[in-house]
There are 2 protein chains.
Amino acid sequence: MDAWDAIGDPTRRAIMACLAGKELAVGELADELPVSRPAVSQHLKVLKNADLVAERTVGTRRIYRLNPAGVAALRDQLETFWSRALTGYQDVAEDRAGQTTNSRADRLEEEE
Amino acid sequence: MDAWDAIGDPTRRAIMACLAGKELAVGELADELPVSRPAVSQHLKVLKNADLVAERTVGTRRIYRLNPAGVAALRDQLETFWSRALTGYQDVAEDRAGQTTNSRADRLEEEE
DNA sequence: GCATTCCGTAAGTCTAGACTTACCGTTCGT
DNA sequence: ACGAACGGTAAGTCTAGACTTACGGAATGC
């Protein structure tokens, strides 16, 4: 499960928001969210597999927190995407002004 | 449809990747992706409603491009989330060292 | 040892949404 | 005017996954 797939679900985003800046046990998370505790467990499993959260065990309790490295990876990927996307639009603007199609055809080949 | 919901789908992420730095018509997008053209149209509608892409009409063609403002908003939200998440874990580390629960209770109230 | 708490997982339900084909309106070239 | 290209939308299919209840293992307190 890709991290971007993982955050595509609103309940999982809510879980991550609950975990921002602090740790919570499964039951505590379930108390704060409008879904059952097993549902929270299942979502945490997805987030864990996507490297977005980590856990530690304290007795019977599983304490979860965000995984900063995983969240940073998302941030970096989006940053990279953003800078790339912005650069291209400056080129397109010039292209449209010049009324040429060559650079566009070249760019299609680069994409492959 | 929330922008984060929108990018939770792999086909829509692929569409956005195709549009990074350039414009493409619906049919061109469909040629590059393993789904039908109407499927691409439907995804573009979702992305447009989420303010992540914009379109212009040239004759019969609909030319799509990324919406820099929409993508920037995602980036900003993730940046905000990231800095907040990181700040909290420094606090939690101190909290755990101090063995107090007051700051955690306060933070729960802030979350509401 | 027993009762309670905690939580992962199994199993079942059900629907949102991702996909398809078909239809049709718009634009453009001849 | 007609045919071709383009693309939005309707309607249908189907399944992944988000949800639930139930079960049972592990930890802890008395």
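Just so we're on the same page: letters track the sequence lines, and every chain starts at 1. Below, all heavy atoms of this structure are taken into account, side chains as well, without hydrogens, waters or symmetry copies.
- Mapped onto DNA chain C by nearest heavy atom, B:Pro34 and B:Thr57 fall at different nucleotides, with B:Pro34 at the one closer to the 5' end.
- Contacts of A:Ala39 classified as side chain to side chain contact (heavy atoms under 4.5 Å, CB included), with partners at least two apart in sequence or in another chain: A:Val35, A:Ser36.
- We find that CG of A:Asn49 is positioned 13 Å from P of D:dG17, with the value rounded to whole Å.
- Partners of B:Ala54 under the side chain to side chain contact (heavy atoms under 4.5 Å, CB included) rule, at least two apart in sequence or in another chain, are B:Arg65.
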What are the atom names and distances for every N/O pair under 3.5 Å that joins the protein to nucleotides 6-8 of chain C?
residue: C:dC6; atom: O4'; partner: A:Thr60; partner atom: OG1; Å: 3.1
residue: C:dC7; atom: OP1; partner: A:Arg62; partner atom: N; Å: 3.2
residue: C:dC7; atom: OP2; partner: A:Gly27; partner atom: N; Å: 3.0
residue: C:dG8; atom: OP1; partner: A:Tyr64; partner atom: OH; Å: 3.1
residue: C:dG8; atom: OP2; partner: A:Ser41; partner atom: OG; Å: 2.1
residue: C:dG8; atom: N7; partner: A:Arg37; partner atom: NH1; Å: 3.1
residue: C:dG8; atom: O6; partner: A:Arg37; partner atom: NH2; Å: 3.0

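- C:dT27 atom C1' lies 16 Å from atom CZ of B:Arg56, rounded to whole Å.
- Taking the side chain to side chain contact (heavy atoms under 4.5 Å, CB included) definition, one finds that A:Arg62 meets it with A:Val26, A:Glu55, A:Thr57, A:Tyr64, sequence neighbours left out.
- The side-chain contact (heavy atoms from CB on, under 4.5 Å) test with A:His43 is passed by exactly one of A:Leu29, A:Thr11, A:Leu33: A:Thr11.
- In this entry the distance linking CG of B:Asp2 with P of C:dG17 reads 12 Å, nearest Å.
- Within the structure, salt bridge (charged side-chain N to carboxylate O under 4.0 Å, His left out) pairs that include any residue of residues 69-81 of chain B comprise A:Arg75-B:Glu79, A:Glu79-B:Arg75 (at least two apart or interchain).
- Place B:Ala39 and A:Val58 on DNA chain D by their nearest nucleotides, and B:Ala39 ends up nearer the 5' end.
- The side chain of B:Ser36 contributes no N or O atom lying less than 4.0 Å from OP1 or OP2 of C:dT21.
- Between A:Asp31 atom CG and C:dT5 atom P there is a gap of 14 Å when expressed in whole angstrom units.
- One atom, NE2 of B:His43, and another, P of D:dG8, lie 13 Å apart when rounded to the nearest Å.
- By the 4.0 Å N-to-carboxylate-O rule, A:Lys22 lies too far from A:Glu28 to be salt-bridged with it.
- For the OP1/OP2 pair of C:dC19 and a distance below 4.0 Å, the side-chain nitrogens and oxygens of B:Thr11 include at least one atom meeting the criterion.
- One atom, CG of B:Asp9, and another, P of D:dG17, lie 11 Å apart when rounded to the nearest Å.
- Shown here are the side chain to side chain contact (heavy atoms under 4.5 Å, CB included) partners of A:Arg13, two or more places apart in sequence or in another chain: A:Ile7, A:Pro10, B:Asp2, B:Trp4, B:Asp5.
- One interatomic measurement links the two molecules: CG of B:Asp5 to C1' of C:dA18, which rounds to 15 Å at whole-angstrom precision.
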